[in-house]
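What follows is a short report on a single structure.
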Amino acid sequence: MLKTLPPGATIGILGGGQLGRMTALAAARLGYRCHIYCPEAGAPASQVTSLTTIADYSDQAALADFAAAVDVVTYEFENVPFVAAETLARHVPVRPGPEVLRICQNRLREKDFCREAGVPTARFAPIGSARDLHERVAEFGRPCVLKTAELGYDGKGQIAIGRDTDLDAAWARAAEAAAPAGMILEEFVDFRLEISVIVARGLDGTRRTYVPVENQHKHHILDQTIVPARVSEKVTDKAKGIARHLAEKIGLAGLLAIEMFITADERVLVNELAPRPHNSGHWTLDAAVTSQFEQLVRAIAGLPLGAPDRLADAVMKNLLGDEAAAALAAWSDPNEKLHLYGKSEARPGRKMGHTTKLIRR
Ligand code: AMP
């Protein structure tokens with residue numbers, strides 16, 4: 001029997017960042033409380049909720065207390081230790097489930113999973129030694145990309161292997177960064193553009209997919225998302241089909257964001273999966289019938305999913321470091337929505353907020 005979370009129930013969120021903050025705001029509108037679990041005080045999500053456990057993710061006693069205090073657990077980033085999710089899952093539903101987290105935490109498992117699901121990715125291989133690296137680079141050809149299997153994000157833990165790259169030196173650098181999860185080598189994809197698709201799956205197995213959006217990066221960090229992506233109907237259908245298929249195969253309860261490369265000949269290759277709300281889905285707060293955050297809450301609470309339809313075209317822009325204060329000071333466009341995350345320290349490169357410009361016809 002499907003159990004719907006009753007009004008006043010508490011959603012536990014692992015992680016205190018902006019994704020948790022925006023999820024908590026959506027949960028509050030539906031009458032739910034949120035309890036944040038994160039290692040630092042004053043986190044963006046804690047500012048909008050009354051309950052926070054400040055503890056390390058390996059603190060067994062704190063995890064047990066948290067499990068007893070909440071009705072369901074979700075997470076807002078995928079680098080929560082797998083054992084923490086597994087421990088919690090013994091006491092309380094964790095959605096998406098720990099197995100989803102395990103797959104999405106590791107690029108090799110992610111790509112193996114796609115391969116088993118029959119979904120195309122760039123060619124890849126695990127790399128465990130300098131010799132592996134020599135062999136596989138010879139096989140894939142240059143350029144290619146060496147990545148840490150775990151804990152890499154926003155381009156961190158990546159080494160580009162170009163025409164003149166010394167492989168032994170690259171391996172020495174990589175081995176330092178990668179231990180103990182290992183490395184993955186990927187063929188270089190000469191993509192035309194990068195897109196992402198967010199799919200939700202409810203407890204009853206219903207799936208809803210947002211329109212593919214186009215992501216432009218600066219220094220490996222998402223800069224802008226253009227809604228919808230400038231791709232053909234064929235690519236749109238293919239990308240949405242992949243998202244729906246992966247959501248089913250992985251047994252999703254919640255959200256899955258899928259980053260994909262689109263090549264000039266319209267191939268769609270999966271690059272990365274994230275089992276949570278995604279930066280490229282922020283536009284849905286202002287330009288979709290149901291935001292990705294509300295959709296997550298509905299999915300994990302056993303509520304019916306909302307329509308993912310787009311109400312307007314949009315351009316979402318991340319505000320990094322000092323850009324947030326500057327955007328607030330210069331805010332004048334009535335069709336631009338501004339979101340700030342409440343972070344006190346505007347370090348360079350830190351995501352402080354975003355704007356969504358609505359393009360209405
Ligand atoms: P990732 O950390 O895998 O999301 O990679 C960050 C960015 O590096 C991607 O958004 C791409 O722009 C680029 N990139 C990653 N993998 C590849 C690849 N195999 N071929 C070409 N570009 C890549």
Side-chain angles (χ1 to χ4, degrees), residues 1-38 43-53 55 57 62-78 80 84-101 104 198-210 247-248 250-257 274-278 281 284-285 288-308:
M1 252 267 292
L2 281 183
K3 279 233 317 255
T4 303
L5 221 55
T10 302
I11 298 173
I13 302 178
L14 297 172
Q18 64 268 19
L19 300 176
R21 176 184 176 101
M22 291 184 272
T23 302
L25 291 170
R29 286 211 321 193
L30 289 168
Y32 296 126
R33 296 159 204 267
C34 285
H35 185 150
I36 309 300
Y37 188 115
C38 68
S46 301
Q47 294 170 22
V48 302
T49 50
S50 56
L51 298 162
T52 296
T53 295
Y57 294 112
L63 286 170
D65 288 347
F66 180 65
V70 302
D71 298 290
V72 64
V73 170
T74 193
Y75 34 88
E76 60 110 46
F77 74 127
E78 62 271 34
V80 175
E86 213 185 18
T87 305
L88 291 168
R90 280 190 225 116
H91 306 285
V92 63
V94 174
R95 298 173 182 153
E99 181 55 22
V100 177
L101 192 66
C104 298
I198 297 172
V199 57
R201 186 167 177 272
L203 296 187
D204 62 356
T206 309
R207 289 165 291 175
R208 295 271 184 272
T209 311
Y210 289 93
E248 190 66 33
I250 212 164
L252 183 69
L255 292 188
L256 185 67
R276 52 164 171 78
H278 194 260
T284 60
L285 281 166
V289 175
T290 310
S291 79
Q292 61 167 347
F293 304 101
E294 180 181 335
Q295 198 76 299
L296 171 62
V297 172
R298 289 162 78 132
I300 64 173
L303 293 167
L305 297 182

- Using 30° and 60° as the class limits, which term best fits the ring planes of Phe77 and Tyr57: parallel, tilted or perpendicular? tilted
- Is there a donor-acceptor pair under 3.5 Å between the side chain of Glu76 and the backbone N or O of Ile13?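 Answer holds: no.
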- Is there a donor-acceptor pair under 3.5 Å between the side chain of Arg208 and the backbone N or O of Leu305?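 It does not hold such a pair.
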Side chains of [X] and [Y]: closer than 4.5 Å at any heavy-atom pair?
X	Y	result
Thr74	Pro96	yes
Leu285	Phe293	yes
Glu78	Leu101	yes
Pro308	Ile198	no

Identify the two heavy atoms, one from [X] and one from [Y], that lie closest to each other, and give their separation to 0.1 Å.
X	Y	answer
Thr23	Leu19	OG1-O, 2.7 Å
Ala24	Thr49	CB-CG2, 3.6 Å
Thr52	Cys38	CG2-SG, 4.4 Å
Gly281	Gln292	C-NE2, 3.3 Å
Ala247	Arg201	O-CD, 3.7 Å
Ile36	Ala45	CD1-CB, 3.7 Å

- Item | Set of side chain to side chain contact (heavy atoms under 4.5 Å, CB included) partners for Val72, sequence neighbours left out | Leu5, Ile11, Pro93, Arg95, Ile300
- Quick one: side chain to side chain contact (heavy atoms under 4.5 Å, CB included) partners of Thr290, sequence neighbours excluded? Tyr210, Glu294, Gln295, Arg298
Value rounded to 0.5 Å, distance of [atom1] in [X] from [atom2] in [Y]:
X	Y	atom1	atom2	result
Leu296	Met22	CG	CE	12.0 Å
Leu14	Tyr37	CG	OH	8.0 Å
Leu303	Asp204	CG	CG	10.5 Å
Asp71	Arg33	CG	CZ	10.0 Å

- Please report the C-alpha distance between Phe66 and Val92 in whole Å, then the side-chain angles of each, then the deciding distance to 0.1 Å, and finally whether the side-chain contact (heavy atoms from CB on, under 4.5 Å) criterion is met. CA-CA 10 Å; Phe66 180 65; Val92 63; over 6 Å; no
- Step by step, work out the side-chain contact (heavy atoms from CB on, under 4.5 Å) result for Cys104 and Leu256. CA-CA 10 Å; Cys104 298; Leu256 185 67; 4.2 Å; yes
- Task: Verify the neighbour count for atom CZ of Arg207: are there more than 12 heavy atoms of other residues, nucleotides or ligands below 6.0 Å?
- Result: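 Counting neighbours around CZ of Arg207, more than 12 heavy atoms of other residues, nucleotides or ligands fall under 6.0 Å, so yes.
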